[in-house]
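Note that this is a predicted model, so its numbers are computed, not measured.
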Amino acid sequence: MKAIEVKDLKKEYSTKEILRGIDFSVNKGEVFGFLGRNGAGKSTFIHILTGITNKTSGSFSILGQNDTEMDQIKKKIGVMPDTSNLYQYMNSVNFLKYMGGIKGDSRSRKEYIELLNKVGLFNVEKQKIKSFSFGMKKKISIAQALLGNPDLIFLDEPTSGLDPESSIEIEQLILKLKSLGKTIFLTSHNLDEIERICDRVAIMNEGKIVKIGTINELKNDTNKSIQLAIRTIPFLNPQSLKSLLQSSIRYIKQQQDFTILELDNEESIPELVELLTANQVKIYEMKIEKQSLQDVFMAV
């Protein structure tokens, strides 16, 4: 059973298309990264899956429940709220206890304090949320998402605004939840974070999913050009390359002892080796400079 399955999901406001036919699935037990520029449709998509906004057409299912059973879906998921929606005049334990009552979470006061500790909030049980820093509010929002022991957890920018140590703690918590069999649906503008903890990633642009796959699949897309640093004797320069290079291999620059070339794809590498060898050029070192997740994202 998939954690999330989405088929041809569309959303329109008046005559404007926000989601233009979304199709993908999320596996149970994975950390799934969801990326897109502002205005790409990410928030609308998540609001539909979590029951805040209605779809226009298409369908989705979450943990085996179809989209006509939102009451059942809401019992199985946890959603990190925006920090502006926290009850500012409650202390942290009473806030979690109140929200836990809505969610059907019957843990004890001691267990609520343990939940605060789990997200990196210590000795704050009597402190009112209005006195929390932005980072502390992010942490209690994550604690709220964990109420009811959900199988699927939606986390929206969980580490933004946090100091490096707190960010690492939250990343470790996400991986701990994964080890317990939880599925995490994660949005973040921190692409390094996405690379570290996500099993697969989808990139949305203008209301459509334009890329989806593992980090390595996205970074190693052989249909994309790659840069190759090559050290040879004799040294390759624009003049010596004029008669050698073909349209699929292009000179970029010289960098210390290396010549930097751009190739249409990885299939051009053996072609280059054969070409240089046939012209008595000795190859001493080659380094493929593969694109980063940031490169993939910016190219969308």
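- Ser108 places a side-chain N or O within 3.5 Å of a backbone atom of Glu111 that can act as its donor or acceptor partner.
- Under the 3.5 Å distance criterion, with hydrogens and angles disregarded, no donor-acceptor pair is assigned to the side chains of Asn205 and Lys211.
- Partner of Leu155 under the side chain to side chain contact (heavy atoms under 4.5 Å, CB included) criterion, chosen from Leu186, Leu146, Thr187: Leu186.
- Taking the six-membered ring for Trp and the full ring otherwise, Phe258 and Tyr284 have centroids separated by 6.0 Å or more.
- Between the side chain of Asn279 and the backbone N or O of Val281, no donor-acceptor pair lies under 3.5 Å.
- Not less than 6.0 angstrom separates the ring centroid of Phe34 from the ring centroid of Phe154.
- Under a cut-off of 6.0 angstrom, the local environment of OH in Tyr98 is sparse, with at most 12 non-hydrogen atoms contributed by other residues, nucleotides or ligands.
- Counting only residues at least two apart or on different chains, the salt bridge (Lys or Arg N to Asp or Glu O under 4.0 Å) pairs with a member in residues 48-72 are Lys55-Asp67.
- With respect to the salt-bridge test (charged N to carboxylate O, under 4.0 angstrom), the residues Arg200 and Glu30 qualify.
- Classification of Asp151 and Lys28 as a salt-bridged pair fails, no side-chain N sitting under 4.0 Å from a carboxylate O.
- Closest heavy-atom contact between Ser188 and Ile194: CB-CD1, 3.9 Å.
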Does Val26 form a side chain to side chain contact (heavy atoms under 4.5 Å, CB included) with Phe185? I'd like the steps, not just the answer. CA-CA 8 Å; Val26 176; Phe185 192 96; 4.2 Å; yes
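- Within a 6.0 Å sphere centred on NZ of Lys137, heavy atoms belonging to other residues, nucleotides or ligands number more than 12.
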Using the rule given for side-chain hydrogen bond (donor to acceptor under 3.5 Å, both in side chains), can you reason through Lys128 versus Gln88, listing the C-alpha separation, both sets of side-chain angles and the distance that settles it, and then say yes or no? CA-CA 7 Å; Lys128 289 186 177 180; Gln88 305 292 325; over 6 Å; no
Test side chain to side chain contact (heavy atoms under 4.5 Å, CB included) applied to Lys182 and Asn149, step by step: CA-CA 9 Å; Lys182 307 294 185 184; Asn149 194 27; 2.7 Å; yes
Please report the C-alpha distance between Asp8 and Lys10 in whole Å, then the side-chain angles of each, then the deciding distance to 0.1 Å, and finally whether the side chain to side chain contact (heavy atoms under 4.5 Å, CB included) criterion is met. CA-CA 6 Å; Asp8 198 27; Lys10 296 180 180 179; 3.5 Å; yes
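- Inter-residue side-chain proximity for Glu12 and Ser57 is flagged as unmet; no heavy-atom pair is nearer than 4.5 Å.
- Side-chain N or O atoms of Ser133 include one that pairs as donor or acceptor with a backbone N or O of Met136 at under 3.5 Å.
- Between the side chain of Ser92 and the backbone N or O of Val124 there is at least one donor-acceptor pair closer than 3.5 Å.
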Kindly indicate, with the supporting measurements, whether the criterion side chain to side chain contact (heavy atoms under 4.5 Å, CB included) is fulfilled by Phe24 and Phe32. CA-CA 12 Å; Phe24 74 93; Phe32 189 88; 3.6 Å; yes
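- One N or O on the side chain of Lys11 and one on the backbone of Asn54 form a donor-acceptor pair closer than 3.5 Å.
- In this structure, a donor-acceptor pair under 3.5 Å is present between the side chains of Ser160 and Lys138.
- With 3.5 Å as the limit, one finds a donor-acceptor pair spanning the side chains of Lys139 and Ser166.
- For the side chain to side chain contact (heavy atoms under 4.5 Å, CB included) test with Ile153, the passing option among Thr183, Val79, Leu177, Ile77 is Leu177; the others fail.
- Ion pairing between Asp105 and Arg107 holds under the 4.0 Å rule for side-chain N and carboxylate O.
- At a cut-off of 3.5 Å, with distance as the only test, no side-chain donor of Asn216 or Thr214 sits close to an acceptor on the other residue.
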Between Glu171 and Arg196, is the salt bridge (charged side-chain N to carboxylate O under 4.0 Å, His left out) condition met? List the steps. CA-CA 9 Å; Glu171 288 181 17; Arg196 282 193 298 270; 2.7 Å; yes
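- Smallest separation of non-hydrogen atoms from Ile252 and Leu261: CG1-C, 3.9 Å.
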